[in-house]
Every structure is written in C-alpha cells, then in structure tokens.
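Contents: one structure, followed by commentary.
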Amino acid sequence: MSEKTGLAPSKSPPIRLTRETVNAGFKKRVDALSGQHTDACYQCGNCSSGCPLAQEMDILPNRILRLAQLGQSDDIINSCSIWICASCFQCTVRCPKGIDIQAVMDALRQIAMDEGIDHFGPDQISPELAASVPQPGLVGVYRKLAT
Amino acid sequence: MKRIGVFVCHCGINIAETVDVKRVAEEAKEMEGVAYAQDYIYMCSEPGQTLVREKIVEEKLDAVIIAACSPTLHESTFRAAAEEAGLNPWQCEIANIREQCSWVHTDREKATNKAIHIVATIVQKTKLNESLEPIPVSITKKALVIGGGIAGIQAALDIADSGYKVILVEKESSIGGHMAQLSETFPTLDCSQCILTPKMVAAGKHPNIELMTYSEIEGIHGYVGNFKVLIRRKAAFVDWSICNGCGLCMEKCPAKVSSVFDRELAKHGAIYVPFPQAVPNKPVIEQDSCIYFKSGQCRLCEKVCEIGAIDFEQNDQFVEEEVGAIITATGFETLPVADLAEYGAGDVPDVIDGLAFERLLSASGPTVGEVKRPSDGMVPKEIVFVQCAGSRDPERYKPYCSKICCMYTTKHALLYKHRVHDGQPYIFYIDIRTGGKGYEEFYQNAEEEEGIIYLRGKVAKIFRDGDKTVVWGTDTLTGRNIEIAADLVVLATAVIPKDSTAELAQKLRIQTGPNGFLAEAHPKLRPVESINSGFFIAGAAQGPKDIPETVAQASGAACKVISLFSRDHLEQDPAIAWVDEDLCGGCRICISVCPYDAREYDEEQGIALVNEALCEGCGSCVAACACGATQQRNLSDSQIKSMVTASLGGE
C-alpha cells in the first residue's frame with residue numbers, strides 16, 4: 001500500500017533485495033517441497049510459451065519461478081496462477097534445464113494452503129455454478145487441493 | 001598490332017542476368033586489335049582458365065582481357081593463368097562488368113551497352129600496355145612488436161621461436177600488461193600470474209628477443225621489409241645494467257605514490273617496480289613524485305644502493321632500429337568510473353571498476369586476496385556488479401559490446417562467493433553473452449549452484465547512504481524495480497582503446513576504426529593485418545577480446561610475419577609512377593601530394609625521383625605533375641586519353 005495519502009495503492013512497488021530475502025526460508029522451502037532447484041531457471045520462458053492456460057494466469061509460469069528466485073513469496077502465494085495450473089506437465093517436459101515446474105507449482109499450492117491463503121472449499125461454489133462445471137473439472141480441483 | 005583476346009564471364013547469373021554476355025563477346029570481336037572473343041559461364045573455374053590458356057597459344061594472343069568481376073578478386077588469378085601460357089602478367093587486364101555494371105543496373109539493354117563500353121575502354125588500355133617485371137625488394141628479417149601484454153609477448157615468442165629476431169617495446173617498465181593484474185581467469189579459473197609469468201620470463205630470456213621496456217615509439221619511416229624505427233628509451237634514473245633488483249631503494253623511499261597497477265588501492269614509493277614478478281625486475285624513479293626531483297633534497301635511494309645504480313642525471317636515450325615487419329599490440333584500458341555520472345562519477349568510494357576488483361581478489365594484491373571495500377576495509381556482505389557500464393550505449397557512451405564483461409563479472413561473483421560464503425552477489429545485466437568454449441557452462445553453473453542473483457536490467461543510479469551504497473535498478477523478468485543497499489559495487493566499465501593508440505596509429509600511419517580501435521584489413525579474411533603492408537595487429541588494441549582470442553590473434557599475426565620473413569625478397573607491383581628525367585623541372589609538387597612518402601628530391605640532379613618500394617601506384621603525383629614528367633606505367637597519358645574516348649563511345 002502506498003504510504004502517501006491520496007494516491008492509489010502502488011502497482012509495481014520496488015523489490016528491496018537483501019541476502020536475507022533472497023536466501024531466507026521461501027526459496028529453500030519451495031526447493032525442499034518440490035525436490036527442484038529454482039536457481040537453475042535461466043528465464044528462457046519456454047514454460048510460459050507452452051502453457052495451455054497461460055492466458056488465464058495473472059503471473060506467467062516463468063515469472064513465478066523468477067519471483068521464487070528472488071524470494072518474493074507474497075506475490076506468488078496470492079497469485080491465481082498456481083490454482084489455474086492444470087498440472088498438465090507441458091512445462092515440465094519442455095524445460096531445457098530439467099526443472100519439474102509442475103512440481104514447483106504443487107509446492108507453491110501446498111505453501112499457499114499452509115499459509116491459509118486463497119483456500120478453496122467446495123462450500124465456496126454455489127450449487128448453480130457447480131452444476132455448470134464439468135465433473136472432471138471439479139474432481140481435478142479437489143484432487144489438486146488434496147496433494 | 002597486338003592480337004588481343006577477350007573472355008566474357010557470365011559469373012553464373014551474376015553478370016548474365018543483367019548483361020547480354022554473348023552480345024558483349026560478339027561486339028568485342030569487331031573491336032580493333034581484338035583477335036578472339038568468347039563467353040563462358042565461370043571464367044575463374046579451372047575449365048574457364050584452361051580456355052584462356054589454350055586460346056592464348058592457339059590464337060597466338062599477345063594480351064588478354066577478362067571481362068568479369070572486380071580486379072581485387074581475380075586479377076592475380078588470371079594474370080597467373082596468362083603467365084602459365086607464356087604471356088607477361090601485365091598483358092592481362094580485367095574489365096569489371098560485375099561490380100561496376102551488372103550489380104548496379106537493372107536495364108538489360110543499357111547494362112549491355114555499358115559492358116561493351118567498359119570492354120572497349122580496356123581494349124584501348126591493353127593495346128599500349130608494356131610488359132613489366134616485378135620490382136624485387138629486400139627484407140630485414142627482424143620484427144618489431146609494440147606492446148608487452150599477453151598479445152605482444154605471445155607474438156614475440158612465436159616469431160623468436162621460428163628463428164627471427166624481435167624487438168619487444170613496452171611503455172611501462174615491465175612487460176605483462178593487464179593480464180598481470182588479473183586474479184584468476186575464466187572459465188577454468190587458472191591463476192593469471194601462474195600462466196603469464198612463465199611466458200614473461202621466457203620472453204625476457206629468449207636469445208632472439210630484445211626487450212625494450214619503459215620505451216616508446218617516436219617515429220617510423222620506410223616500407224614493408226625495410227622500416228626504420230626511432231625508439232625513445234625513457235630515463236629510469238636507475239642504471240639497469242648494474243641494478244640487481246634487490247629492492248632496498250623501494251623499501252626506503254619516503255614518497256607515497258598511488259599504484260596504477262593496483263588501481264590506486266595501494267601506494268608505493270617514487271622508485272618502484274609495478275609488481276614483484278616484473279620482467280625486467282628493475283625499478284624506475286617517477287620524476288613527478290620523487291622528493292629529490294621536486295625539492296632538491298632526499299636521494300635516500302642513492303644512499304642505500306650499494307652498487308651505485310641510481311643515476312639522477314640519466315636522460316632519455318634514442319635508438320634507431322631496422323625492422324621488416326611491425327606488430328601493434330597496444331591493448332586496452334577501461335572507461336574511467338569518473339565518466340559515469342549516474343554511477344557516482346568516481347565520488348562514491350565503494351564504487352570500483354572490474355580491474356580494481358581483480359586487484360582485491362588477487363593473492364598478490366593490496367588486500368592479499370581478501371575482499372575488503374576501499375572506504376573502511378569492511379568485508380562486503382551485499383555486493384552488486386553492474387554490467388554494460390558505458391557499453392552498448394550509443395547515445396551516451398560506447399555503442400559496442402565490450403565482450404569480456406559477462407564472463408569476468410560472473411567470475412568475479414563466483415570468486416567473491418568462494419571467499420565470502422555468507423555474502424550475496426547480484427549481477428545487473430542486459431544480456432548475458434557467453435560465446436566461447438566452456439563459457440556458457442561456466443555461467444550456468446554460477447547461476448545455478450553458486451547462489452548468484454542475476455537481475456536483468458540496467459542500473460539507473462548509484463548513491464551513498466550512510467555506509468551503504470544504494471543501487472537502483474530494475475529486473476525486467478519480474479517487471480519490478482530493484483533496490484539494493486550494497487556494501488560494494490563493481491562496475492564492468494567499457495573496454496576502450498589505450499589513449500596512446502590514436503597517436504601511435506598516426507605515427508605508424510595505420511588505420512583506426514570509428515571507436516578508436518585499430519582497423520583490420522578485412523573483418524573476416526584479413527583480421528590480423530593492417531591495410532598497410534608490413535603492419536600487423538593483435539589483441540585488444542583491435543577491439544575487446546578475451547585472453548584465448550588475444551593469444552590466437554597474436555600467434556596469427558606472428559605467423560604472418562614469419563611467412564613474410566620466409567621469402568628471399570618481396571615483389572613490388574611495377575605498375576607504379578616513373579619520371580622522365582629530361583622533363584622534370586624539380587618543382588616538387590609530387591612530393592607534397594604523395595601519401596606514401598614515395599617521392600624524394602634528388603639535390604644533385606635537381607629532379608624528383610620515385611622510391612619504387614614505397615610507391616603504391618595511386619597516381620596522385622601523375623595527376624599533379626605540371627610538366628608531364630611523371631607517368632604511371634601502363635596508365636600513360638595516351639592510354640588514359642584513348643580510354644576516355646572509348647568509354648564515351650568514340651573511336
């Protein structure tokens with residue numbers, strides 16, 4: 001939020017990097033949960049360009065990885081992208097550095113749930129909406145939440 | 001009347017598409033003096049050349065004209081073919097109907113007519129061509145290498161090893177150049193000193209290499225194979241012939257001078273060697289800093305020198321040397337931090353350049369390899385590296401990529417991380433360019449395994465805030481600006497030519513490019529030669545280069561010199577100016593217009609002569625000569641007159 005009154009909340013606040021933010025828990029936690037090495041990402045963008053759901057995301061997959069490298073946990077766990085991700089493995093098979101990006105997305109969802117952020121429950125869906133969503137879609141959402 | 005053969009080349013479709021080559025050949029047949037004319041698809045191919053050779057014999061031709069591409073491409077090819085068939089090479093001429101006709105026109109009819117005129121013009125020239133013999137020029141088989149960095153050392157060693165004498169001239173008191181300042185070298189992390197000093201010692205001891213350090217080129221005369229070079233040996237105020245390099249004088253000198261070698265991070269006395277491994281290991285007294293030279297009192301060094309090597313009366317010495325070839329390897333420097341206003345203009349103490357950081361990393365540097373920042377000696381925990389500091393900025397600084405920074409900055413961050421395990425290095429970059437064997441792997445390993453944070457974007461501003469140095473940059477990969485309160489900032493400043501390069505290039509009369517680096521004769525096919533014969537170039541004086549590339553180019557330049565020296569004599573093109581001594585009035589206008597110093601006045605005869613070895617046949621003096629005494633061989637006034645007439649369609 002902007003500290004000055006009368007101004008809209010800042011959209012692109014600067015990132016203040018320190019060795020603590022970079023190296024503190026978040027990146028290590030993602031790496032431990034996913035079994036992946038986030039620093040291996042060199043930002044080629046192949047994960048994003050091949051992602052079939054990229055158009056629905058607020059932060060593209062490569063930028064999720066990028067924010068994780070810089071320890072920017074808030075941006076990531078509040079992002080809708082980690083929930084839009086369908087775990088289709090397209091990114092994982094394309095990554096030239098061999099990062100299992102789908103596993104990273106899973107780890108991020110676990111952290112988000114652990115933090116109690118954007119928790120998605122069946123009660124949040126109205127019966128009308130639930131009726132309009134295909135059954136496999138609903139099952140997919142619940143399964144994703146159960147990982 | 002000569003029997004002339006005309007051979008018209010299609011050059012595939014390069015010529016034939018725009019010019020009716022068959023018609024050119026038919027028209028040529030009708031020209032006076034032409035005994036034979038023929039077209040062929042590729043005249044430069046073996047069957048094409050065979051056709052030329054066979055027809056010279058069968059048709060008893062006295063001269064041939066090849067209507068094809070530019071003479072710069074294949075004149076020598078066809079002259080050799082003509083010579084094989086028994087003709088004098090100067091009886092073979094090229095009519096350029098490609099670069100000067102088919103390539104620049106689209107109208108087939110007009111282009112064909114123009115090609116016919118070009119051929120007719122060359123027929124007129126050929127009718128009056130004399131048979132000439134190349135002029136033999138002797139070679140002094142001794143090379144001059146200017147610059148004693150790794151390029152100069154490598155070139156000198158290669159030439160010396162092949163048995164030829166070399167003079168290696170270096171401006172500083174020791175050879176070694178910038179490579180001696182480096183800590184470890186990418187991508188293998190060899191210690192720079194460890195791989196360089198054996199070569200320095202080898203150059204110092206080689207029986208075929210004469211080291212002239214603390215020396216500069218004053219002037220140069222002559223031409224390929226026969227240069228006369230005047231070298232100024234600057235006064236060291238130490239008699240190097242007796243100095244044993246004990247170093248006592250340096251210990252006792254009370255003056256304090258910032259070390260250029262240590263990028264002003266350390267001080268030495270007014271009498272000093274730049275670094276302990278110097279070759280030769282002999283000190284010099286810096287006159288401007290010496291207390292005795294400034295105040296008339298001190299002479300402490302003289303008192304402690306037991307062998308009496310200090311000589312305050314020494315003067316610069318001038319020596320003249322004769323050499324046959326010259327390699328210029330004067331190296332580079334880096335854009336001063338003071339030039340970069342947005343990065344503190346040199347006023348922020350903890351903003352240093354890459355070479356200064358090399359000294360901080362070096363085991364023989366001012367901090368003995370410990371990374372300590374200049375302001376207070378603190379070990380930096382947050383360190384920011386800024387790439388493209390002055391490079392790739394055509395609006396404000398240098399337009400070109402300095403090429404070595406991506407790799408050395410990665411190396412810097414890596415070596416820092418190896419020394420300060422809990423420290424965090426950040427690298428701001430625009431692009432990471434790692435073209436080189438093992439380079440990309442080196443970079444990927446650094447990013448992946450060493451915890452170096454790469455931030456894609458330029459740094460806008462660096463300023464001091466308390467004991468921190470604040471860096472404002474951006475990271476286009478997150479789309480967010482970045483702020484880092486750093487302890488030390490290292491700028492990868494642009495690689496620029498040494499400021500002495502321009503003056504030296506002027507003295508040698510070799511070309512420099514738009515950014516002041518030495519220009520090569522051809523960017524791809526003649527990368528180690530200057531356009532002026534006998535001059536070769538090596539290393540970063542030609543453009544930003546890393547060590548492997550510099551060494552390769554230095555060996556390439558040395559090889560060119562060795563190939564030159566392997567000949568008994570050189571052959572000079574005889575199609576140059578000559579003087580009708582009866583006509584010359586001695587006005588000397590030719591001397592003033594000659595760009596090659598090839599015209600000289602003979603006091604005894606009162607006329608201006610041509611130095612055949614220097615004359616490049618440009619024709620300036622021929623045009624300037626008021627009385628027609630100077631003429632160009634095979635481009636006489638009468639030839640030019642008939643050529644002009646023919647080119648305008650006249651008879």
Side-chain angles (χ1 to χ4, degrees), chain A residues 2-3 9-28 30-31 35-49 57-76 78-79 81 95-101 104, chain B residues 379-385 406 410 413 416-417 420-434 440-457 459-461 465 468 470-489:
Chain A
S2 171
E3 287 158 20
S10 62
K11 301 284 196 304
S12 303
I15 297 173
R16 292 191 173 83
L17 284 183
T18 66
R19 60 199 164 116
E20 284 79 23
T21 43
V22 170
N23 296 311
F26 185 68
K27 185 159 66 180
K28 285 200 183 105
V30 175
D31 284 5
Q36 301 303 307
H37 190 28
T38 336
D39 276 346
C41 171
Y42 63 1
Q43 288 292 306
C44 70
N46 212 353
C47 49
S48 299
S49 58
M57 293 182 172
D58 55 351
I59 301 177
L60 291 179
N62 74 295
R63 197 169 272 193
I64 294 277
L65 266 286
R66 180 64 182 157
L67 289 162
Q69 287 176 338
L70 301 184
Q72 301 303 301
S73 55
D74 288 356
D75 287 327
I76 298 174
N78 287 305
S79 144
S81 300
C95 178
K97 297 300 296 281
I99 305 170
D100 184 348
I101 297 160
V104 173
Chain B
V379 176
K381 298 291 182 182
E382 308 265 4
I383 181 165
V384 174
F385 297 89
C406 285
T410 294
Y416 164 78
K417 195 69 184 158
V420 186
H421 301 297
D422 60 341
Q424 180 60 56
Y426 308 89
I427 298 178
F428 281 96
Y429 68 98
I430 316 180
D431 291 296
I432 293 290
R433 297 177 169 184
T434 55
E440 175 68 13
E441 296 90 325
F442 181 79
Y443 151 65
Q444 285 199 20
N445 174 66
E447 188 177 42
E448 196 168 328
E449 303 298 339
E450 303 280 351
I452 301 164
I453 297 287
Y454 283 79
L455 297 159
R456 199 210 161 272
V459 167
K461 189 173 172 159
D465 182 15
K468 293 285 183 186
V470 180
V471 178
W472 282 358
T474 198
D475 176 52
T476 62
L477 300 173
T478 51
R480 302 270 289 279
N481 281 352
I482 304 287
E483 270 183 43
I484 300 170
D487 300 315
L488 181 65
V489 177

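Per chain, numbering begins at 1; letters A, B, ... match sequence-line order.
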(message) Less than 4.5 Å apart, side chain to side chain, heavy atoms only: is that true for Q43(A) and R456(B)?
(response) no

(message) Are the side chains of I15(A) and E483(B) in contact, using a 4.5 Å heavy-atom criterion?
(response) no

(request) Could you tell me which of K381(B), E448(B), E447(B), E449(B) has the largest number of non-hydrogen atom pairs under 4.5 Å with chain A? (result) E448(B)

(request) Report yes or no: does R16(A) contribute a side-chain atom to a donor-acceptor pair with the main-chain N or O of I484(B) at less than 3.5 Å? (result) no

(request) For chain B, find which of K27(A), Q69(A), H37(A) contributes the most heavy-atom pairs closer than 4.5 angstrom. (result) H37(A)

(request) Using a cut-off of under 4.5 Å on heavy-atom pairs, state which of I452(B), N445(B), D422(B) scores highest against chain A. (result) D422(B)

(request) Look at atom NZ of K461(B) and say whether more than 12 heavy atoms of other residues, nucleotides or ligands are closer to it than 6.0 Å. (result) no

(request) Check each atom of L70(A) against the heavy atoms of chain B and say whether the ones under 4.5 Å are side chain, backbone, both or neither. (result) side chain

(message) Going by the rule ring-ring contact (aromatic ring centres under 6.0 Å, His included), which residues pair with F428(B) if we only count those two or more places apart in sequence or in a different chain?
(response) none

(request) Side chain from CB out, backbone as N, CA, C, O: work out which of these in I453(B) comes under 4.5 Å of a heavy atom of chain A, or both, or neither. (result) side chain

(message) Side chains of Q424(B) and E20(A), heavy atoms from C-beta outward: is any pair under 4.5 Å?
(response) no

(message) Between I432(B) and chain A, with a heavy-atom cut-off of 4.5 Å, which part of the residue counts as in contact: side chain, backbone, both or neither?
(response) neither

(request) Supply the atom-to-atom distance Y454(B) OH to Y42(A) OH, rounded to the nearest 0.5 angstrom. (result) 14.0 Å

(message) Taking salt bridge (Lys or Arg N to Asp or Glu O under 4.0 Å) as the cut-off, I'd like each qualifying pair that reaches into residues 471-482 of chain B, sequence neighbours left out, listed once.
(response) R66(A)-D475(B), D75(A)-R480(B)

(request) Side chain from CB out, backbone as N, CA, C, O: work out which of these in Y426(B) comes under 4.5 Å of a heavy atom of chain A, or both, or neither. (result) side chain

(request) Would you indicate whether the side-chain heavy atoms of T18(A) and E382(B) approach each other to under 4.5 Å? (result) yes

(message) Between T474(B), L477(B), N481(B), I482(B), who has the most heavy-atom pairs with chain A when the cutoff is under 4.5 Å?
(response) L477(B)

